[in-house]
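One structure below.
This one's a predicted model, so the numbers in the text were calculated from it and none came from an experiment. For ligands, and for the atoms within them, numbers begin at 1 and follow the listed sequence.
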Amino acid sequence: MNYRSLAFRLGAWYTLLLSATFALVGTATFYGLQHYLRSNLRDSVSRRSAQVEQILIQAPADVTDSAIVREIDTRVAPEFNNRFVRVTREPATLIYRSGPPSDRSFDPSLVSAVTRTHSADTAPPATAIVGDQHLMIRTTPVNAVSGNYIVELGVSFGSIDEVLNRLLDLLALLLPVLIVCAAGGGYWLVTRALRPVDRLSQTAEQMSLQNLTLRLPVVPSGDALERLSISLNTMLGRLRDSVQTSRRFLADASHELRTPLTVIKGELQELAGESTVTQRDLRERVGSVLEEVARLEHLVSGLLVLSRLDAGESQRDWADVDLAELTFSTAEQMRLMADDRGIEIELSALRKALVRGDRARLKQIIVNLLDNAIRFTKRGGTVWLRTAADDMGVVLEVSDTGIGIPSASIPHVFDRFFRVDEARSREDGGAGLGLSIVKSICSVHCADIEVESRVEAGSCFRVTFPRTPHFRAASGRESLVDAPVPIDVPANAPEMTPKG
Ligand code: ADP
C-alpha cells in the first residue's frame, strides 16, 4: 500500500470524515432519545402524582387512612403500573406505601425519603438510588381538609436504560461495520475518480518529440479535469507547431547556408586545380568568394537576431523613442542607397510619435522596411515614410511605388526564408529574413504589422504600436504629441484600409 498516494490520502480523509459523522449522529441519537424518554417519564410521573393529590384534596375531613389506601390502590394501581407511591401525613405518619412493582425492578421499602428543596410547581423530580436501580421521584406537599400530606411518586429508570443500552449495543455493532464500508467504498470511489488521470498520464507517457500528434483523452466531467485535459491538448498543439516551425527553420537555414558554401567551395576547388592563374582571374575569383562570404555573414547575422528575439529580450534598456526622429535619421543614412537606385525618399509626413522600446531594434524595423521598399521599387519611384500618434496607437508606415507583392504571397511575406522571386531577391542579397525579423521585433514590442500591396502599383507596410501607459496619461498635454494629421501620400500610392 502506497501511503503517500493521492488515492490513499483521499480515501483516509473520506473515511475519517464519514466516521466522525457517524459518531456524531450516533451520539446525537443517543442523547436525543435519552432526553425524549426522560421527559416522557417525567410527564407520566406528574400525571400519576396529580391523581394521588386529587384523591387527597377531594377526601372529606374525617376520611380514614384505609379509605385513602383503597382509593389510591383502585385509581392509581401503582404495583400494576410499576410505580412507587408513598403518602405521609405531616409530620411523619406513613399512610400509604405501594408494594413491589409487577416487574420487580425495585423494593419500595428501601426507598428513603427525598428532601424537597423547590416549590411544589417547579420542583423537578429527584433521583433516588434503590439497590442497583435509579428511581425518578417526585415529591409534592398537599394541604387538604383532612390534613397536610407529602406525596412521593416514583418510577424506575430501568425501562429507559434498557432501550438506551439496546441502542448503544446497536451503535457499537453498526459503527465499525459502517466505518469499514466507508473506507472500502471511499478507496474504490477515489481510485475510480482518478482513473481518467491514469489514462491521461499513460497517453502522456507515450508521447515524445517524435510523436506529438497524440492527443490526451478529454474527460467530459465538466470540471477542472476536463479543463486540464483541454488545456494540455492546446498546449501540446502549440508545442507541436513550435517543434515543426523549429525543424522547418533548421532545414531552411541549412539549405540557405549550403548554397553560398557550395559556391565558395567550387571557386576554391577550381582555383586549386588550375596550374597557372592570372592576377585578374585571381582577383575575380576572390571577389566572387568574398561576395558569398558577405552573403553568409548577412544570413548568419539575420539568424542570430532571430534566435535572440525568439529567446526573449530583456526590456531593461527600453526607453521612450521618438519614431519620427528615428525614422528621419535612418532615412537620411539610407538616402545614398536610394539615390544610387534613382529613388526618392519622401519624409514630409513624419509626426512626433513616442514609443517605448529598444532603439536599436526599432531602427532595425525602419531599416528593413526601407531597404525592401528601395530594393523592390524601380528607378524613378518614390518611397514615403509616415509616423503619427493618436488615441488608438502610434503608427509607422513605409509605402512605395514598387513592383508590389502578388496577393497569393502576401500571407507568407513574414515567414522565415520566404521570397516572392527567389532568384531576384538572392541577387539583391536578400535572405528572406528581413520581414520575419521585423515581425519578431514587433511581437516583442506588442506591435501589429500589416501589409497592403498591388502588383506594379506598390506596397504599404504599417506598424501599429500600443500607446505607452505614461504616454497615454500625458497625452492630454499638447507638447507631447501633435494632433493627428492627414497622411501626405500621393494619389498613386497604394492605399491602406484604416484599422478597426
Ligand atoms: P528579403 O531579405 O529577401 O527581402 P524579406 O523578408 O525582407 O526578405 O522580404 C520577403 C519578400 O517579400 C521579399 O523577397 C520580396 O519578394 C517581398 N517584399 C518585401 N518587401 C517588399 C516591397 N516593399 N515591395 C515588393 N515586395 C516586397
message = Using heavy atoms and a 4.0 Å limit, tell me yes or no: is Ile405 in contact with ligand 1?
response = yes

message = Once rounded to the nearest 0.5 Å, what's the spacing between atom CG of Asp161 and atom NE2 of His134?
response = 8.0 Å

ask   = Under 3.5 Å, N or O to N or O, is Arg419 touching ligand 1 that way?
value = no

inquiry  = Within ligand 1, which atoms have a heavy atom of Ala431 less than 4.0 Å away?
reply    = 2 (O), 3 (O)

message = Could you check whether atom CE of Met392 has more than 12 heavy atoms from other residues, nucleotides or ligands sitting under 6.0 Å from it?
response = no

query = Does an N or O from Arg375, backbone or side chain, lie closer than 3.5 Å to an N or O of ligand 1?
reply = yes

message = Tell me whether Phe414 reaches ligand 1 (any heavy atom closer than 4.0 angstrom to a ligand atom).
response = no

request  = Can you measure from CD1 (Ile366) to CD1 (Ile441) and round to the nearest 0.5 angstrom?
outcome  = 10.0 Å

query = For ligand 1, which atoms have a heavy atom of Phe418 less than 4.0 angstrom away?
reply = 10 (C), 11 (C)

ask   = What is the ring orientation for His445 with Trp318, classed by angle as parallel under 30°, tilted 30 to 60°, or perpendicular over 60°?
value = parallel

ask   = Quick one: does Gly432 get an N or O within less than 3.5 Å of an N or O on ligand 1?
value = yes

request  = Would you check if the distance from the ring center of Tyr187 to the ring center of Tyr14 is below 6.0 Å?
outcome  = no

inquiry  = Within the 4.0 Å heavy-atom shell around Phe461, which atoms of ligand 1 are there?
reply    = 20 (N), 23 (N)

task = Answer yes or no: does an N/O atom from Asp400 fall short of 3.5 Å to an N/O atom of ligand 1?
result = yes

query = Do Arg247 and Gln244 have a side chain donor and acceptor closer than 3.5 Å?
reply = no

ask   = Numbering the atoms of ligand 1 from 1, which are under 4.0 Å from a heavy atom of Ser459?
value = 22 (C), 24 (N), 25 (C)

key: Any N/O pair Phe376/ligand 1 closer than 3.5 Å   = no

key: Quiz item: cation-pi between Arg38 and Phe157, 6.0 Å / 45°   = yes

inquiry  = Given Ser453, which partner from the list Ser407, Ser409, Ser459 fulfils the side-chain hydrogen bond (donor to acceptor under 3.5 Å, both in side chains) test?
reply    = Ser459

